[in-house]
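I have placed the structure first, in the form of structure tokens, so that the comments after it can refer back to it.
Note on naming: letters A, B, ... go to the chains in the order of the sequence lines (proteins, then strands), and numbering restarts at 1 for each one. A quick note: this is a predicted structure, and the numbers were derived from the prediction, not measured.
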Amino acid sequence: MGIFIKVEIDPSLCAPDGGRKLVNVCPVNVFALDQDRVVTDAENEDECTLCGLCLNLYPPGAVVVRRLYRE
Amino acid sequence: MRLLEYESKTLLREMGMEVPLGRLAHSPEEAAAAAKELGTAVVLKPQVPIGGRGKAGGLAFVDRETEVIPAAERLFATPLRGYEVKLLLVEQQIQARQEFYLGITYDPAARGPVLLASAAGGVEIEAMTERVLRRPLSLVRPWPTFRSREVAAGLGLTGPALLRMTTAIDRLVETFLKFDALLAEINPLMLTDDGRLVAVDAHIELDPDAAFRHQDVVARFGLAGRGERTLSEFERRAAEIDQADHRGVAGRMVQFDGDLGLLIGGGGASLTVFDAVLDAGLRPANYCEIGGNPSVWKVKELTKLILSQPQVKRIAVIMNVVSNTRVDLVARGVIKGILELGRDPATTIAAFRIPGSWEEEGFALLQRYGVPFYTRETSMDQVVAMIAQDKR
Amino acid sequence: MAILADERTRIIVQGITGREAATFTAESLAYGARIVAGVTPGKGGQEVHGVPVYDTVAAALADHPAEATVISVPAPLLKDAALEAIENGLQLVVIVTERIPRRDIAEVLELARERGSRVIGPNSLGVISPGKTRVGMCGGSADAVRRAYTPGPVGVMSRSGGMTTEIASLLTHAGLGQSTCVSVGGDPIVGSTFLELLPLYEADPETRAVVIFGEPGSTMEEALAAHLAAYGSRLPIIAFIAGRFADRMPGVRFGHAAAIVEGGRGSPAAKIAALRQAGVRVADHLRDLPSLVQEAIG
């Protein structure tokens, strides 16, 4: 996980594809496919520009972007 | 991109200008063979990218065959203003009745090219006391031959010499324009007893920003990268970091020996900050400009590189009000780099002053790590002054 | 009032479909700039943030008369784009593009002089008359521009685009607004120098002082100093010259393409001396600029 940003995915809310669209939408490659599972890349998490594109693909709560320095 | 003498002359000869008969020599033996082929009276000219070789003792006029090898050995062994001599141009000597200067360069005040001509060649144009004729060159309309004739007449020439000079000026104009030169200079241009005009020395500089139109010339003379400063290991690594990630630019990293690392904005801001650092009596470890919108990774790696120098205790991060660069991403990069070195951002960052886009986010982050930061209300040089006070 | 451009100025953007140009178009519109059309050859018929795109300047102007253009195209295409703007009668041509072949820009500037077009740049972030309009991309987003720039009596001319905003921000913080700020461009040859823009400020009743930001290289500051020494100006001029350290490193280029001291020319120390001789208030420190302006306008 990143030092500054932690991105959490709830696959159960990412119907019907388990969040595959995230991989393409993120401009800084926070998301990657590991076998069939969508995972986050720790190094790239810190590159997150807080653009919010990943938040609008699935229902609220499916993806949560946490700014650890604000917590 | 400064061309060597023989390269400049190659282009001029191909454009129809007469140059002395010559051969290249990579060793004293090759020089001797060239001299033998050309006849006894030759001049040996080191091919290094500097002017005023004659004054620097860099030319050897040789009249006897036996003198060629010792003279060449001496030239190869004597660096000229730091440039090692690896190549000699061996040329026939030319006997001049009169020497001229011809040059074309951009006049920044006139914002266009200007032709300079003088009837007293052989010395550098800056040192010329004789009258120098100046004629602006239009880029909208072609250069008319009558203009060359007027200049030739202005140099005091008549008869066949005037006609030959007219052609020589036309050729120089064509060369300057065809190759997108920033400077094309023939000095001296010698008028011989038998009435020929020979370009005895020449210096052409091509425009690096027009290199895309002259890839043939770049390849032919191997111009890519020529004239660039040799980088230190530190500077080379900075360039590698920059190239490894296309996001943002880390330009002009220059290493110094001080203890304060600098990560500063590009252009005028970096000049302002660097002056302030020296004025405050601080000792910079480096000059570094970052711009565009660099990634967290790039800033992190640059931070680590700067702090990897053992004498560097702290780093100052100072930019003008930014509109493209993201304050929070730069802050993340600097803090992350320091954390990866196992050091404390609060004491390692002397000051962070980047106001502008996403500053609230950046300031929240800096605050969290206890880093001293400044907003736009504190000017860049004030921040530097505070760093200096803080040290005492 | 303002110089060069105000709220009535109609603007086109050449190269509008580029990423950078599309962004500054949206933000300039949000700031209130009247961008009436864009041009990108081959993309006529599209729209960028509601601005119609044309294949040629002539077609754009036929539908949307304009006085000014911002050109943001790759360097190899700049000459053609700029000649197109000038031949079509645009009076203000702001060139954002940098690293343009010297011969190309010299040709553009020669034609501009013949046709009476005023060129700002190349390598310029543009012109901004606070509260009225922006021609270019100085200052970034509309919100950021509103924060850094405020309307008022101080003209700003800067060889650095970034420092144009920094200086405006310093002045704004000190309660000093700006009439028009011009990023004149960081290249060795630019279309409008300090000396050429000064008369416009002098003719603008709103402007009461002018701040200039200079750098090593070029002779723009020296030319201004020579003029002021001979003729003076109705306006107090306050200057800051950055890069004094470059005097110790001749031949090394810092920052902009023109920021290089060569053959004894372009030395910051010499610029400062010449400007002081001519009665210009030269700030020793950037932070002193606002108080010097305040002093000058009373």
What are the two closest non-hydrogen atoms of [X] and [Y], and how far apart are they?
{"X": "B:Leu139", "Y": "C:Ala106", "value": "CD1-CB, 3.3 Å"}
{"X": "C:Pro101", "Y": "B:Arg213", "value": "CB-NH2, 3.3 Å"}
{"X": "C:Ala242", "Y": "B:Gly268", "value": "CB-O, 4.2 Å"}
{"X": "B:Ser323", "Y": "C:Gly140", "value": "CB-CA, 3.2 Å"}

Ranked by heavy-atom pairs below 4.5 Å to chain C, first place among B:Val273, B:Thr378, B:Leu177 goes to B:Leu177

Contacts of B:Tyr106 meeting ring pair (Phe, Tyr, Trp, His ring centres under 6.0 Å) (sequence neighbours excluded), chain-then-number -> B:Phe176

Engaged part of [X] at the chain B interface, taking heavy atoms whose separation is under 4.5 Å:
{"X": "C:His173", "result": "side chain"}
{"X": "C:Leu170", "result": "side chain"}
{"X": "C:Ala148", "result": "both"}
{"X": "C:Val190", "result": "backbone"}
{"X": "C:Ile100", "result": "backbone"}
{"X": "C:Leu109", "result": "side chain"}

Going through the distances and angles, do B:Asp279 and C:Arg244 end up as a side-chain contact (heavy atoms from CB on, under 4.5 Å)? CA-CA 10 Å; B:Asp279 287 349; C:Arg244 280 173 283 122; 2.6 Å; yes

Counting only non-hydrogen atoms closer than 4.5 Å, does [X] touch chain C with its backbone (N, CA, C, O), its side chain (CB onward), both, or neither?
{"X": "B:Asp180", "result": "side chain"}
{"X": "B:Asp207", "result": "side chain"}
{"X": "B:Ala276", "result": "neither"}
{"X": "B:Ala181", "result": "neither"}

| message | Taking B:Glu377 first and then C:Arg287, would you say they form a salt bridge - that is, a charged N and a carboxylate O separated by under 4.0 Å? | response | no

Can you tell if the side chain of [X] reaches within under 4.5 Å of the side chain of [Y], non-hydrogen atoms only?
{"X": "B:Met319", "Y": "C:Glu166", "answer": "no"}
{"X": "B:Met380", "Y": "C:His285", "answer": "no"}
{"X": "B:Val277", "Y": "C:Phe245", "answer": "no"}

The side chain to side chain contact (heavy atoms under 4.5 Å, CB included) partner of B:Asp209 among C:Arg99, C:Arg103, C:Arg102 is C:Arg99

Interatomic distance, CG@B:Leu271 vs CG@C:Leu286, rounded to 0.5 Å, equals 12.0 Å

Output for pair (C:Ser169 OG, B:Asn320 CG), nearest 0.5 Å, gives 9.5 Å

Applied to residues 106-115 of chain C, the side chain to side chain donor-acceptor pair (under 3.5 Å) test, sequence neighbours excluded, yields B:Ser138-C:Glu110, B:Arg141-C:Glu114, C:Lys79-C:Glu107, C:Glu87-C:Arg115

